[in-house]
Every structure is written in C-alpha cells, then in structure tokens.
Amino acid sequence: MPHSRPATWMSRARLAVVAMGLLLLQACSVELYTGLNQQEANEIVATLVRQGIPAERQAGKDGTMTVMVEKGRFADAMAVLEEAGLPKAQFKTLGEVFNREGLVSSPIEERAAMIYGLSQELSRTISEIDGVLSARVHLVLPNNDPLRKDLMPSSASVFIRHRASMAMNELIPQVKMLVANGVAGLTYDNVSVVLVPVASMPAPVSGQTGFVSFLGLWLHPDSLARARWLFFGLGLLVLGLAGKLAYDQWLKRRDVYSLPVPVKKP
C-alpha cells in the first residue's frame, strides 16, 4: 500500500497539468473560419503568419479544416484576410446551376440560369489570374426579337479587385477578349473593365513582429500573462511532486535503517 500512494499522487498531478493546458489553449484561441478545404486553410494561415499573427489549422471529422487564431488578434486577422481577399469566393459551374430537381423550368428561368452560369464561369476564370483578389462579371444579354430592326446589343461589365503591385492595365485587352469570346453575340467593344487596386500590407520586419520572448518562446503580449500563470502553476506542481517524492523516500530509508530496540529480560 505505501508504494501505491506516490503513483496515485503523480497521476493526479499529470491530470491537473493537462487540464490547465487545455483551459489555457481554449481561452487563447477562437475559430476564424470553418468548413475550409486544405488549400484554403493553408493560404489563410500563411497570409496571417506573414503578417505576424499566429494561426493554426485543425482538421474536422468531416474532412474540412478550421483556422484558429488568438482571441486578442481576431480583429487584426479579419482585417488582413479582407485585404488579401481570403477566403476566395466560391463560384458555381454550369453543371451545378442546371443540376436542379423538380418541375420543368420555364424558358425565362432557363435563360436566367444560363446567364448566371456564364457569369460565374467567367468570374472564376478571371479570379485565377495572378494578382487578382476578387472578380465579378455582369452580363446583359437582351432577348431580342429576330424580326425587329433595332436590336439591343449584348454587353458585359467586369469588376476586378487586384493587388496594386500587379500591372493589371496591360491585361485589360486579354480580359475583354476572354469575356467577348466566352459569350455568344458579345463584341470586344461592348466589354468594360473596372480595376480597383489594393495596396498590400507591409510585411513585418524581422524581430519587430510584436512578439515577446518568454523562456525561449515567442509569444504575443496578450498571451504573455497566461503563459506566466501556467508556468507558475506548473512550477508549484513540480515542487510539490518533488517534495512528496523526497518525503516518501525519507520514510522508506528510516524504516529500513532503523534498528530494533533490544528488550531487557527481567
């Protein structure tokens, strides 16, 4: 029985350490985005880390990823991702647009779905250009009567939000040609392109990321106080464990080396 007491005390100490660590992690981090694929999560984490904001990924049971950041840096993280255009917008394909169940659609609904699907496909293609943060394509395709003489021409408007460091003006002819060739009846001159440059945030200088060193670890100031309390609590547990073990060893040695007192015979 005496030998089982130190083991029980040590197991309780380990449970206390694990509980304190879990509470600290839970208090420090909050969910930023959920339901991401691996590529989206990698892009978000890499962008935040480059700006000096600690972030991590967590895999869910359904195969999606969740990005976690410190609670005190949530607003900064959202501002950085908004400027970087992350996570990127999701566009539907023509197959997804027309993959509908139910009653047969009317010709007007079918035409509206076709225009929407084309705009989604073109927006997706333009978004893949290097330096483009987000893109939208708006199509105007009048349903002209072939018997009329004054037919209304088709037109398109392209909105591109891009990094200021990328010279997108040189790509305007290619973008107009891409949209004009992707829509039947649309001409090059009836495609307008609007560019909105976005200045990139300066990367933090090495050694000036806002972190402080604590026991060889670089921590954000918001987490420094919690780290100190955790280190203080772990130190107390270690000291208490060491004292308990030393006391048990002292008791064992006293029992082993104590000599029996001789009893005098009457």
Do you know which two heavy atoms are closest between [X] and [Y], and how far apart they sit?
X	Y	result
Ala55	Val67	CB-CG1, 4.4 Å
Ala41	Met65	CB-CB, 3.7 Å
Met168	Asp130	SD-O, 4.3 Å

Quick one: [atom1] on [X] to [atom2] on [Y], what's the gap to the nearest 0.5 Å?
X	Y	atom1	atom2	answer
Ser192	His138	OG	NE2	10.0 Å
Glu82	Leu133	CD	CG	11.5 Å
Leu139	Gln120	CG	CD	10.5 Å

Who passes side chain to side chain contact (heavy atoms under 4.5 Å, CB included) against Leu86, sequence neighbours left out?
->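 Applying side chain to side chain contact (heavy atoms under 4.5 Å, CB included) to Leu86 gives Glu43, Ile44, Thr47, Leu81, Ala84, Lys88.
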
Is any side-chain heavy atom of [X] less than 4.5 Å from a side-chain heavy atom of [Y]?
X	Y	answer
Ile126	Val179	yes
Glu31	Thr34	yes
His162	Leu195	yes
Ser127	Ser134	no
Val183	Leu122	yes

Let me check something: do [X] and [Y] share a hydrophobic cluster, defined by ILVMFWY side-chain heavy atoms less than 4.5 Å apart, either directly or through other members?
X	Y	value
Leu36	Val49	yes
Phe159	Leu141	no
Ile53	Val30	yes
Leu48	Met78	yes
Tyr188	Ile160	no

Would a distance-only check, ignoring hydrogens and angles, find a side-chain to backbone donor-acceptor pair under 3.5 Å from Glu40 to Asn37?
->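 Answer holds: yes.
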
Answer yes or no: is there a donor N or O on one side and an acceptor on the other, between the side chain of Arg57 and the main chain of Met68, under 3.5 Å?
->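 Answer holds: no.
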
Would Arg163 and Val198 count as a side chain to side chain contact (heavy atoms under 4.5 Å, CB included) if you check the C-alpha gap in whole Å, the side-chain angles of each, and the deciding distance to 0.1 Å?
-> CA-CA 5 Å; Arg163 300 185 188 278; Val198 177; over 6 Å; no

Test log, rule side chain to side chain contact (heavy atoms under 4.5 Å, CB included), inputs Phe74 and Leu32 | CA-CA 7 Å; Phe74 181 84; Leu32 187 65; 3.6 Å; yes

Thr64: partners by side-chain hydrogen bond (donor to acceptor under 3.5 Å, both in side chains), with sequence neighbours left out |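 Partners of Thr64 under the side-chain hydrogen bond (donor to acceptor under 3.5 Å, both in side chains) test: Asp62.
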
Would Val191 and Leu178 satisfy side chain to side chain contact (heavy atoms under 4.5 Å, CB included), going step by step from the backbone distance to the final call?
-> CA-CA 10 Å; Val191 179; Leu178 173 67; over 6 Å; no

Can you pull the side chain to side chain donor-acceptor pair (under 3.5 Å) pairs that have at least one residue in residues 168-187, sequence neighbours excluded?
->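 Residue pairs with at least one partner in residues 168-187: Thr187-Asn190.
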
Mark yes when over 12 heavy atoms from residues, nucleotides or ligands other than Gln38 sit less than 6.0 Å from its CD; otherwise mark no.
->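 No, not enclosed.
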
